[in-house]
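First the structure, in the form of structure tokens, and then the observations on it.
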Amino acid sequence: MPRKRATIREVAQATGLSPAAVSYALRGMQVSEETMERVKAAAAELGYEADPIARALASGKTGTIGMLSASLEDLWQQALAVGIGRGLLGQDRYALILDAAGDPERQRSLAQQLRDQRVDAMIVQPVDPAAPFWAQLAESVPVVAIGDSLPGTIGEVVFDNRRGVTLALEHLRSQGHHAIALLTSTMPSTPDRPADVHVLAEGERLGLSISVSTAPHDLAGATEAAREVLADGAVTAVFCFADSIAYGVYAAAESLGLSIPGDISVMGYDNHPVSSLLSPGLTTVDWDIDGIVRASVRLGVAAADGATRRRRVLQQPTLVERGSVRAR
């Protein structure tokens, strides 16, 4: 016969505490470290496991946090989702990770589904930060934004894209590049993302000629987009708003018989681990993904627990120089 599930009352009897105090201790709230350890030891000895359904009914919480990625074809976003999922699990929360595939309408539909599933909070990498939908969503579920600021959120981990873009473009100009192609996953229907807007303004300030093209994150699509950019030989450098897109430039250059950095210089924008393994290694901008994961998990858990104070983390970039950019 299967063993009967131990109850919280039995744990309370074993420790001499009230059921409420035991409940707080198991959740790490309002009790001393000593009491917490004593309760956890008794619970383990009795074989107590919290009933997730009963806990959800009693607390009104599901223990789940939605993680809505912009595009999991981007290897960096994959790593971010994995890190956040593991971090939430370490906080006794479960992540529902969904992929918008770079489509604003798909992201909106998925966000509504997560809301209807009554997630305790939502962590979002917005495809279209200017969409009015985000303010409406934040009225019904706590939202934490990653990358770009959104209206109505309880927390955000935003990137200092002005600094990141400036680092990249100033480095290219210092190496003698003035005709630069930008490959971005931003679609023509959402042209007002801060990083895309700033790259044009910064290019004008630095006296650079910058042409903008859209490229997907998947290798085949990024390679095809890069082939079109490289075919006419009009640019000397390609700046990619994701290392995943830069990998497509490497593939396109090889297919066209071009060498990196001899014929064309390449820059990325998120320092995925694969970028150091390329030949030559990819010069890129690092955003400290571990720091982003920690901040996102902290803000997501706080939002799920009912935090009312809005918090903002500004992530600073650093330039990582490797061999994919050379002086002209």
Side-chain angles (χ1 to χ4, degrees), residues 1-68 79-97 114-115 117-124 138 141-146 153-158 287-316:
M1 294 291 291
R3 182 179 176 181
K4 181 181 177 182
R5 180 194 293 267
T7 68
I8 201 167
R9 289 188 179 278
E10 290 173 318
V11 179
Q13 290 172 358
T15 56
L17 298 170
S18 69
V22 169
S23 177
Y24 284 132
L26 291 172
R27 288 181 287 162
M29 300 169 55
Q30 301 182 21
V31 297
S32 68
E33 188 73 25
E34 179 183 354
T35 299
M36 194 186 312
E37 293 303 320
R38 180 158 59 94
V39 169
K40 288 182 178 180
E45 183 177 348
L46 292 170
Y48 170 80
E49 295 181 3
D51 184 337
I53 297 176
R55 183 168 58 183
L57 290 173
S59 65
K61 303 287 187 180
T62 63
T64 58
I65 294 177
M67 171 66 194
L68 187 48
L80 183 64
V82 168
I84 290 175
R86 290 175 177 171
L88 289 174
L89 188 60
Q91 297 293 319
D92 197 26
R93 313 298 167 104
Y94 297 92
L96 290 177
I97 301 174
L114 286 172
R115 179 197 61 198
Q117 288 182 252
R118 303 187 67 82
V119 294
D120 298 334
M122 207 178 296
I123 300 174
V124 174
V141 62
V143 176
V144 172
I146 298 179
T153 58
I154 191 64
E156 56 186 25
V157 184
V158 295
W287 292 98
D288 182 18
I289 191 169
D290 292 336
I292 295 170
V293 166
R294 289 192 299 270
S296 301
V297 169
R298 184 174 70 251
L299 296 182
V301 170
D305 286 343
T308 57
R309 178 188 172 191
R310 188 174 188 271
R311 298 186 179 184
R312 184 174 192 265
V313 176
L314 181 62
Q315 203 72 17
Q316 294 293 337

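Contact record, Leu68 with Leu114: CB-CD1, 4.4 Å, taken as the closest heavy-atom pair. The two atoms that bring Val22 and Ala12 nearest to each other are CG2-CA, 3.6 Å, heavy atoms only. Listed here is the closest heavy atom pair of Ala304 and Arg93: CB-NH1, 3.6 Å. When all heavy atoms are compared, the tightest approach of Ala42 to Val11 is CB-CG1, 4.4 Å. Scanning both residues, Tyr48 and Ile8, for their nearest heavy atoms gives CE1-N, 3.6 Å. Among all heavy-atom pairs drawn from Gly85 and Ala95, the shortest one is CA-CB, 4.0 Å.
Exactly one residue among Val293, Leu80, Val124 makes a side chain to side chain contact (heavy atoms under 4.5 Å, CB included) with Ile146. That residue is Leu80.
Between Gln91 and Arg298 there is no side-chain heavy-atom pair separated by less than 4.5 Å. Residues Val313 and Arg311 are not in side-chain contact: their nearest non-hydrogen atoms beyond the backbone lie 4.5 Å or more apart. Counting heavy atoms from C-beta on, the side chains of Ile292 and Asp288 never come closer than 4.5 Å. Side-chain contact check for Leu17 versus Arg38: some heavy-atom pair is nearer than 4.5 Å. Counting heavy atoms from C-beta outward, Val144 and Thr153 have side chains that stay 4.5 Å or more apart.
Distance check, rounded to the nearest 0.5 Å: CD1 of Ile123 to CG of Leu96 gives 11.5 Å. Distance CD1/Ile84 to CZ/Arg294: 12.0 Å, rounded to 0.5 Å. For the atom pair NZ (Lys40) and CD (Glu37), the distance works out to 5.5 Å, reported to the nearest 0.5 Å. The line from CD1 of Ile154 to CG of Leu299 is 9.5 Å long, rounded to the nearest 0.5 Å.
Remark: the backbone N or O of Ile65 is not paired with any side-chain donor or acceptor of Asp120 at under 3.5 angstrom. In this structure, the side chain of Thr15 does not engage the main chain of Val39 through any donor-acceptor pair within 3.5 Å. A donor-acceptor pair under 3.5 Å is formed between the side chain of Glu10 and the backbone N or O of Thr7.
For Arg86, the CZ atom is loosely surrounded, since the number of other residues' heavy atoms within 6.0 Å does not exceed 12. Heavy atoms from other residues, nucleotides or ligands lying under 6.0 Å from CZ of Arg9 number 12 at most.
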